[in-house]
Amino acid sequence: MLLDSRESAGSGEKGSAGNKGLVFNIQRYSIHDGPGIRSTVFFKGCPLRCKWCSNPESLNNFAELMVRETRCNGCGRCIKVCAPGALSLAASGLRLDRVKCDLCLKCIEACWEDVLELAGRQMTVDEVIEECSKDELFYRNSGGGVTLSGGEPLLQADFALQLLSSLKELGFNTALDTCGHVPWETLEKALAYTDLVLFDVKHIDSEEHRDGTGTDNKLILSNLEKVMAANMARIWIRVPVIPGYNDSDRYMQELSGRLQGMKAEKVSLLGYHEWGRAKYQSLGRAYQLNGRTPLTEERLSGIIGIFKAKGLNATAGY
Ligand code: SF4
Ligand code: SF4
């Protein structure tokens, strides 16, 4: 479900403050973020900047407008209600000056074509639980539950921990999708209320990791080992497979060798795609991975074979 921005409190919303957190989507009937049918709560804010990220609206820890220019019919209704003069029509379409915009959201109400959308809304723990509870029957019948994803949920640590503990108290199955670049103390606290950790491993070489994500991998790899040693939750490792970055046989041999001794239940190999490309444009940002071709099924099967040869339970996709 995409949150109704017209209900939002509006301007300048920043990340977590205890019982409230900044969420940009609650996706119901998700089957890609853990077992069974789930609701995935997408947190805003991430410490990494992966070049292939398909959720660019998750990166910043503040609310922002998305503009789907191709839907705009040029009627100008939004421009008339925009007091700061942040909107204008150019030959190429609607233009948004993000410096002038104060997120009053009047343009969203004025537009009949669903061009403008707010990414990010402050929600309380109770509001998130109320939304997730609508599908409780589906969770129970399918072995599903609620997954915290993002962005990085643990960047809004207080909110994420309160949400996880409340969900557990209510008997929900919980999953945490983490990039691992968070303080161990926070991750350890979260494990107490988490049934399944979806732990992302982008690259095991430090320089390559920095090149692809903007950040060193030292903390991530250290946390991965600690999560394994803690033995408090099921663990699925997720590996985005990016052409020309981490898809060589040689690297996959190295990675699978590194994961071989660990207690992960599953290694999910997520093939590169460009589904998020249009969102970059709607946020006024450039897509960074031009000229990459998604992997063929045969290629992904070959990579899975490398992991299976080492006794790992590897799958394509989730
Ligand atoms: S939210 Fe819309 S109407 Fe309000 S300042 Fe920004 S662009 Fe203008
Ligand atoms: S109101 Fe909607 S359709 Fe009309 S100019 Fe603004 S964005 Fe385009």
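Residue numbers count from 1 along this sequence. These numbers come from a predicted model, not from an experiment. First listed ligand is number 1; within each ligand, the first listed atom is number 1.
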Report, in ascending order of atom number, the atoms of ligand 2 lying under 4.0 Å from any heavy atom of Cys78.
-> 1 (S), 5 (S), 6 (Fe), 7 (S)
At a non-hydrogen distance cut-off of under 4.0 Å, which region of Asn73 contacts ligand 2 (side chain, backbone, both, or neither)?
-> both
Examine Tyr272 together with Tyr245 and report whether their ring centres are nearer than 6.0 Å.
-> no
Could you list the atoms of ligand 2 found under 4.0 angstrom from a heavy atom of Gly76?
-> 4 (Fe), 5 (S)
Close-contact set for ligand 1 against Cys82 heavy atoms, below 4.0 Å | 3 (S), 5 (S), 7 (S), 8 (Fe)
Atom 8 (Fe) of ligand 2 - nearest protein heavy atom and its distance = Cys72 SG, 2.4 Å
Which segment of Pro84 sits under 4.0 Å of ligand 1 when only heavy atoms are counted | side chain
With a 4.5 Å limit on heavy-atom distance, are the side chains of Trp52 and Pro240 in contact?
-> yes
Do other residues, nucleotides or ligands put more than 12 heavy atoms under 6.0 Å from the CD atom of Gln253?
-> yes
Name the option, out of Gly74, Cys75, Cys107, that contains the heavy atom nearest to atom 4 (Fe) of ligand 2.
-> Cys75
State whether Cys111 contributes an N/O/S atom found under 2.8 Å from atom 2 (Fe) of ligand 2.
-> yes
Identify, by atom number and element, the atoms of ligand 2 in contact range of Leu94, meaning under 4.0 Å from any of its heavy atoms.
-> 7 (S)
Atom 1 (S) of ligand 1: nearest protein contact (heavy atom, Å) = Leu105 N, 3.2 Å
For the pair Glu188 and Lys226, find out whether any cationic side-chain nitrogen is under 4.0 Å from an anionic carboxylate oxygen.
-> no
4.5 Å side-chain heavy-atom contact, Cys78 and Leu94 = yes
Would you indicate whether Lys266, at its atom NZ, is surrounded by more than 12 heavy atoms from other residues, nucleotides or ligands within a distance under 6.0 Å?
-> yes
Element-labelled atoms of ligand 1 that are located less than 4.0 Å from some non-hydrogen atom of Leu87 | 7 (S)
Determine yes or no for a side-chain-to-main-chain donor-acceptor pair under 3.5 angstrom, with Gln156 supplying the side chain and Lys44 the backbone.
-> yes
Nearest non-hydrogen protein atom to atom 6 (Fe) of ligand 1, with distance, is Cys101 SG, 2.4 Å
Leu96 heavy atoms within 4.0 Å reach ligand 1 at atoms 7 (S)
State, with a plain yes or no, whether a side-chain heavy atom of Pro56 is found less than 4.5 Å away from one of Arg285.
-> yes
Salt-bridge contact Lys20-Asp158 (side-chain N to carboxylate O under 4.0 Å) | no
Counting only heavy atoms, which portion of Asp102 has something under 4.0 Å from ligand 1: side chain, backbone, both, or neither?
-> both
Quick one: do Glu274 and Arg292 make a salt bridge, cutoff under 4.0 Å?
-> no
With a 4.5 Å heavy-atom cut-off, do Ile108 and Leu65 have their side chains touching?
-> yes
Within the stated cut-off of 2.8 Å, is an N/O/S atom of Cys104 closer than that to atom 4 (Fe) of ligand 1?
-> yes
Where ligand 2 meets Val115 - atom numbers and elements under 4.0 angstrom, heavy-atom basis = 2 (Fe), 7 (S)
Interfacing atoms of ligand 2 (cut-off 4.0 Å, heavy-atom, Arg77) = 1 (S)
